[in-house]
Amino acid sequence: MYDPTVARLTYRALLGRRRALILGALPLLLLVIAVAVRGLTGADDQTAADVLGGFALATMVPIIGVVAGTGAIGPEIDDGSVVYLLSKPIRRPTIILTKLTVAIAVTMAFSAVPTLIAGLVLNGNGQQIAVAYTVAALVASIAYAALFLLLGTVSRHAVVFGLVYALVWEALFGSLVPGARTLSIQQWALAVAHKVAGGDLVTSDVGLPTATVLLTAVTVLATWYAGQKLRSLTLAGEE
């Protein structure tokens, strides 16, 4: 269920000069903020949780997920080059799973690793804050990559819809409407982080069992439906 050639082409598309700059900008900004905050305030657990929760998990991870998830397949559909890929004797689920694997790997590398480094800079992993948010970034990367890969498969405006979900639904409505937080990948990831950290510095509006089910369901269903849409693209091209 993994094709090295498809993976190589996807990595090349995602890590090209322009996308690499976009992917690297937010992690670099996070590290700059972490160094500045540590220099100004010293090591403080609450400050570390605020920075990692408010910027790393709430902003950086979903935006990187949008870039990696939609970029793994969206441009190929937009410019028609996906027809060449679909003409090869590769099973459609293999194409989707390979692209999802690459999108997850890229999202994790550009979000979870900087989150861990920033957490260590901020408070040296006091109360497991750095590890907790790193784990949250890892699990969120999987769900975001699957969701945004699906968007890249079904819509030419996937980046716009992805940013609307990440920055409007999760950040804006999630802060104003308590019920909206239940349908938030960020909150599901925070439930996992709360389990890792314990205490009250990391909290979530969703319980861990519910969060686990929802993270799994979104990842599996988004991946399955993306595969179905790719099948329909094949049929349309053959016709």
Side-chain angles (χ1 to χ4, degrees), residues 10-72 100-149 159 162-163 165-167 170-171 184-197 201-202 204 215 219:
T10 306
Y11 274 118
R12 184 181 301 172
L14 287 179
L15 300 178
R17 181 176 301 177
R18 187 173 65 178
R19 282 200 176 87
L21 290 175
I22 297 173
L23 289 169
L26 287 175
L28 179 60
L29 179 58
L30 172 64
L31 296 178
V32 170
I33 291 173
V35 171
V37 170
R38 177 61 185 265
L40 293 172
T41 66
D44 181 77
D45 294 339
Q46 183 62 62
T47 300
D50 291 342
V51 172
L52 296 181
F55 182 78
L57 191 62
T59 302
M60 183 184 73
V61 179
I63 290 179
I64 290 175
V66 169
V67 175
T70 61
L100 176 61
T101 300
V102 173
I104 290 173
V106 170
T107 306
M108 286 182 172
F110 282 89
S111 61
V113 174
T115 297
L116 176 61
I117 297 172
L120 294 175
V121 170
L122 285 165
N123 77 331
N125 195 37
Q127 298 195 52
Q128 295 294 305
I129 297 298
V131 170
Y133 277 103
T134 299
V135 172
L138 289 172
V139 297
S141 294
I142 299 172
Y144 280 131
L147 178 61
F148 297 139
L149 178 67
V159 173
L163 291 176
Y165 172 79
L167 301 181
E170 289 200 338
S184 167
I185 293 175
Q186 176 189 339
Q187 290 296 323
W188 306 341
L190 281 172
V192 179
H194 174 70
K195 178 66 175 179
V196 174
L201 287 176
V202 184
S204 173
L215 284 167
T219 302

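Only this structure's heavy atoms are used, side chains among them; waters, hydrogens and symmetry mates stay out.
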>> Quick one, Val37 and Leu122 - any side-chain contact, counting heavy atoms below 4.5 Å?
In response: yes
> Is Val61 close to Tyr133 at the side-chain level, that is, under 4.5 Å between some pair of heavy atoms?
Replying inline: no
> Would you say Arg38 and Thr47 make side-chain contact, with heavy atoms under 4.5 Å?
Replying inline: no
> For Ala145 and Leu100, which heavy atoms make the closest approach, and how far apart are they?
Replying inline: C-CD1, 3.8 Å
> Partners of Thr134 by side-chain hydrogen bond (donor to acceptor under 3.5 Å, both in side chains), sequence neighbours excluded?
Replying inline: none
> Is Arg18 close to Leu21 at the side-chain level, that is, under 4.5 Å between some pair of heavy atoms?
Replying inline: no
> Does the side chain of Leu29 reach to within under 4.5 Å of the side chain of Phe55, using non-hydrogen atoms?
Replying inline: yes
> How far does CD1 of Ile22 sit from CG of Leu14, to the nearest 0.5 angstrom?
Replying inline: 11.0 Å
> Gln128 side chain to Val196 main-chain N or O, any donor-acceptor pair under 3.5 Å?
Replying inline: no
>> I need the Ile64 CD1 to Met108 CE distance, nearest 0.5 Å.
In response: 12.5 Å
> Mind checking what makes side chain to side chain contact (heavy atoms under 4.5 Å, CB included) contact with Ala130, not counting sequence neighbours?
Replying inline: Leu116, Leu120, Asn125
> Do any N or O atoms from the side chain of Gln127 and from the backbone of Leu201 form a donor-acceptor pair under 3.5 angstrom?
Replying inline: no
> Under the side-chain contact (heavy atoms from CB on, under 4.5 Å) criterion, do Leu52 and Val202 qualify, and how do the steps go?
Replying inline: CA-CA 10 Å; Leu52 296 181; Val202 184; over 6 Å; no
> Is there any side-chain hydrogen bond (donor to acceptor under 3.5 Å, both in side chains) pair reaching into residues 110-119, and which pairs are they, with sequence neighbours excluded?
Replying inline: Ser111-Ser141
>> Tell me the closest heavy-atom pair linking Ala68 and Val106, and the distance in Å.
In response: CB-CG1, 4.1 Å
>> Before you tell me yes or no, could you show the steps for Val121 and Leu31 under side-chain contact (heavy atoms from CB on, under 4.5 Å), namely the whole-Å CA-CA distance, both residues' side-chain angles and the distance that decides it to 0.1 Å?
In response: CA-CA 8 Å; Val121 170; Leu31 296 178; 5.7 Å; no
> Residues two or more places apart in sequence or in another chain: which of them pass side chain to side chain contact (heavy atoms under 4.5 Å, CB included) with Ile63?
Replying inline: Leu26, Thr59, Leu163, Leu167
>> Rounded at 0.5 Å granularity, tell me how far CD in Gln46 sits from OG1 in Thr41.
In response: 11.5 Å
> At what distance, to the nearest 0.5 angstrom, does CG of Asp45 lie from CG of Asn123?
Replying inline: 5.0 Å
> Looking at residues at least two apart in the chain, or sitting in another chain, which of them share a ring-ring contact (aromatic ring centres under 6.0 Å, His included) with Tyr144?
Replying inline: Phe148
> Sequence neighbours excluded, which residues qualify as side chain to side chain contact (heavy atoms under 4.5 Å, CB included) partners of Val192?
Replying inline: Val135, Val139, Leu208, Leu215
